Amino acid sequence: MSRLQPTQTDLVPGQAVALAETLNAAMPKTARFRMPSGHPMEWFAFAFLAVLIISSVFVEFIPGLVRASFPYGDFSQGPEWSLNGLFGTDALGRSILSRVLYGARTTLAIVSVATLISLVIGMTLGMLAGFYRGPVERVVDLYANSMASLPPILVILALISVIGNSVFTMMLALGLLDIGTYARIAKGGVIAQNDRDYVLAARAMGASDMRLLLREILPNLVPALTAIVPPLMAGLIITEGSLSFLGYGIPAPAPSWGGMIASSTDLLSRFPLLIFGPIVAIVLTVYSLNTVGDCLARRMNHRGREL
């Protein structure tokens, strides 16, 4: 369907400036981040993620904490009131808490890089599909629908069998999973903004397609994409843990939450507390990410109703 697209010569310079200033004042602003207010579980989610990230990044500098590969006490020792023995020891006498924190650093690094890959590629494809439509949209939709119809574990296992098992393979494989999701969200946002007044005004003033996408449309896609990132990261953590449990995740001897659970399965009947540490870490991290995502989504929706 054709659409009237005025050019820069259709407006007198003074009128163009006045129109641009008026529309810029009415243009929706990107939502600013605010800390949660009221609900204590939201505070807990933000606080837990902050503590987990800081602890995993600076785990080597925590006073008194032994390295993940160093033995601390007797094998399969129960929890005790000490830093290294808080979750007990594993079958080799290593501190479970230390391995959980070292494993958190590896897991969070892999998931963060994979999310960055998915976000950049998916957002780019989605914006191009929503802006140009036609063949570009059909190709992006075909990829998104194809990835959505395939079990994630099978896709990653197929890629591992071709490239080999490594941290790089995990980052790449996990990054491919959510490209379609980000592309769908970005495409919908671009389609919704194509006919907004500030986009039409920028186009009337002779703005290029690149400027329209980067300066006018992209800033207003950020809130929706920001709200969906934490839940998708939670899904990647579960997927990475499942792969490590099956033996196709992070190669040993690097600690990982799923690998810690897998290595303890033979001793669970006698030492059930061996898997307590990694399971608590996975559950609390996934719960916190989903809670943060819900909090951000509510604030974005509230911001949208105010505009």
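Heads up: numbering here begins at 1 and tracks the sequence. Please read these numbers as outputs of a predicted model, since none were measured by experiment.
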Original post:
Quick one: are Met260 and Asp90 in side-chain contact, heavy atoms under 4.5 Å?
Top reply: no
Original post:
Between Asn194 and Gly130, is there a donor-acceptor pair closer than 3.5 Å when you use the side chain of the first and the backbone of the second?
Top reply: yes
Subject >> Any donor-acceptor pair under 3.5 Å from Ser98 side chain to Val66 backbone >> reply: yes
Subject >> Derivation and outcome, side chain to side chain contact (heavy atoms under 4.5 Å, CB included), residues Tyr182 and Ile228 >> reply: CA-CA 8 Å; Tyr182 289 115; Ile228 199 63; 3.7 Å; yes
**OP:** Quick one: do Leu289 and Ile237 satisfy side chain to side chain contact (heavy atoms under 4.5 Å, CB included)? Show the steps, please.
**Re:** CA-CA 10 Å; Leu289 287 171; Ile237 289 176; 3.7 Å; yes
Subject >> Heavy atoms of other groups near Phe276 CZ, more than 12 under 6.0 Å >> reply: no
Original post:
Closest heavy-atom contact between Ala207 and Leu212?
Top reply: CB-CD2, 4.0 Å
Original post:
Counting N and O atoms only, with roles assigned by atom type, does the side chain of Ser244 sit under 3.5 Å from a partner on the main chain of Gly258, one being a donor and the other an acceptor?
Top reply: no
Original post:
Is Val199 reachable from Ile191 through a run of I, L, V, M, F, W or Y residues, each pair having side-chain heavy atoms under 4.5 Å apart?
Top reply: no
**OP:** State, with a plain yes or no, whether a side-chain heavy atom of Val59 is found less than 4.5 Å away from one of Leu65.
**Re:** yes
**OP:** Could you please spell out the steps behind the side chain to side chain contact (heavy atoms under 4.5 Å, CB included) verdict for Phe48 and Thr291?
**Re:** CA-CA 11 Å; Phe48 175 80; Thr291 301; over 6 Å; no
**OP:** Supply the atom-to-atom distance Leu157 CG to Tyr248 OH, rounded to the nearest 0.5 angstrom.
**Re:** 6.5 Å
**OP:** Kindly compute the distance separating CZ (Arg99) from CZ (Arg94), expressed to the nearest 0.5 Å.
**Re:** 3.5 Å
**OP:** Please check if Met123 and Leu142 belong to a single hydrophobic cluster, counting links between Ile, Leu, Val, Met, Phe, Trp and Tyr side chain heavy atoms closer than 4.5 Å.
**Re:** no
**OP:** Please work out whether the ring planes of Phe61 and Phe58 are parallel, tilted or perpendicular, with thresholds of 30° and 60°.
**Re:** tilted
Subject >> Heavy-atom closest pair, residues Trp257 and Ala104 >> reply: CZ2-CB, 3.3 Å
**OP:** Quick one: do Leu108 and Ile53 satisfy side chain to side chain contact (heavy atoms under 4.5 Å, CB included)? Show the steps, please.
**Re:** CA-CA 8 Å; Leu108 294 178; Ile53 293 172; 4.2 Å; yes
Original post:
Nearest heavy-atom pair of Leu221 and Gln193: which atoms, and what distance?
Top reply: CD2-NE2, 3.6 Å
Original post:
Going from CZ on Phe245 to OG on Ser256, what distance comes out if it is rounded to the nearest 0.5 angstrom?
Top reply: 11.5 Å
Subject >> Rounded distance (nearest 0.5 Å) linking atom CZ of Arg215 with atom OH of Tyr198 >> reply: 14.0 Å
Subject >> Which atom of Gly277 lies closest to which atom of Val100, heavy atoms considered >> reply: C-CG2, 3.9 Å
Original post:
Donor-acceptor pair, Ser118 side chain versus Gly175 backbone, under 3.5 Å?
Top reply: yes
Subject >> Main-chain N/O of Leu119 paired to Asp178 side chain as donor or acceptor, under 3.5 Å >> reply: no
Subject >> Greater than 12 external heavy atoms within 6.0 Å of Tyr132's OH >> reply: yes
Original post:
Heavy atoms, side chains only, cut-off 4.5 Å: are Leu176 and Val155 in contact?
Top reply: no
Original post:
Would you say Thr285's side chain and Ile282's backbone share a donor-acceptor pair under 3.5 angstrom?
Top reply: no
Original post:
Does the side chain of Leu174 reach to within under 4.5 Å of the side chain of Glu240, using non-hydrogen atoms?
Top reply: yes
**OP:** Output the distance between atom CZ (Arg203) and atom CD (Glu216), rounded to the nearest 0.5 Å.
**Re:** 10.0 Å
Original post:
Are Leu83 and Val51 connected in a single hydrophobic cluster, I mean Ile/Leu/Val/Met/Phe/Trp/Tyr linked by side-chain heavy atoms less than 4.5 Å apart?
Top reply: no
**OP:** Compare every heavy atom of Leu214 with every heavy atom of Pro219, then report the nearest pair and how far apart it is.
**Re:** CD-O, 3.5 Å
Subject >> Point-to-point distance, once rounded to the nearest 0.5 Å, from CD1 of Ile96 to OG of Ser264 >> reply: 6.5 Å
**OP:** Side-chain contact test, heavy atoms from C-beta onward, threshold under 4.5 Å: evaluate it for Met233 versus Pro230 and give yes or no.
**Re:** no
Original post:
Are Val120 and Ile117 co-members of a hydrophobic cluster defined by side-chain heavy atoms under 4.5 Å apart?
Top reply: no
Subject >> Within one Ile-Leu-Val-Met-Phe-Trp-Tyr cluster: Leu177 and Leu154, side-chain cutoff 4.5 Å >> reply: no
Subject >> Leu243 and Ile153, any side-chain heavy atoms less than 4.5 Å apart >> reply: yes
Original post:
Taking all atoms of both residues into account, what is the closest heavy-atom pair of Tyr287 and Met41, and its distance?
Top reply: OH-CE, 3.2 Å
**OP:** Using salt bridge (Lys or Arg N to Asp or Glu O under 4.0 Å) as the criterion, point out the one residue from Lys187, Arg184, Arg133 that pairs with Asp141.
**Re:** Lys187
Subject >> Over 12 non-hydrogen atoms of neighbours within 6.0 angstrom of OH in Tyr102 >> reply: yes
Original post:
Any side-chain heavy atom of Arg105 sitting closer than 4.5 Å to one from Glu60?
Top reply: yes
Original post:
Just wondering, do Asn84 and Leu97 contact through their side chains at under 4.5 Å, heavy atoms?
Top reply: no
**OP:** Using modelled atom types only, decide if a donor and an acceptor are shared between the side chain of Ser112 and the backbone of Ala109 within a distance under 3.5 Å.
**Re:** no
Original post:
Do the side chain of Ser55 and the main chain of Leu52 share a donor and acceptor less than 3.5 angstrom apart?
Top reply: no
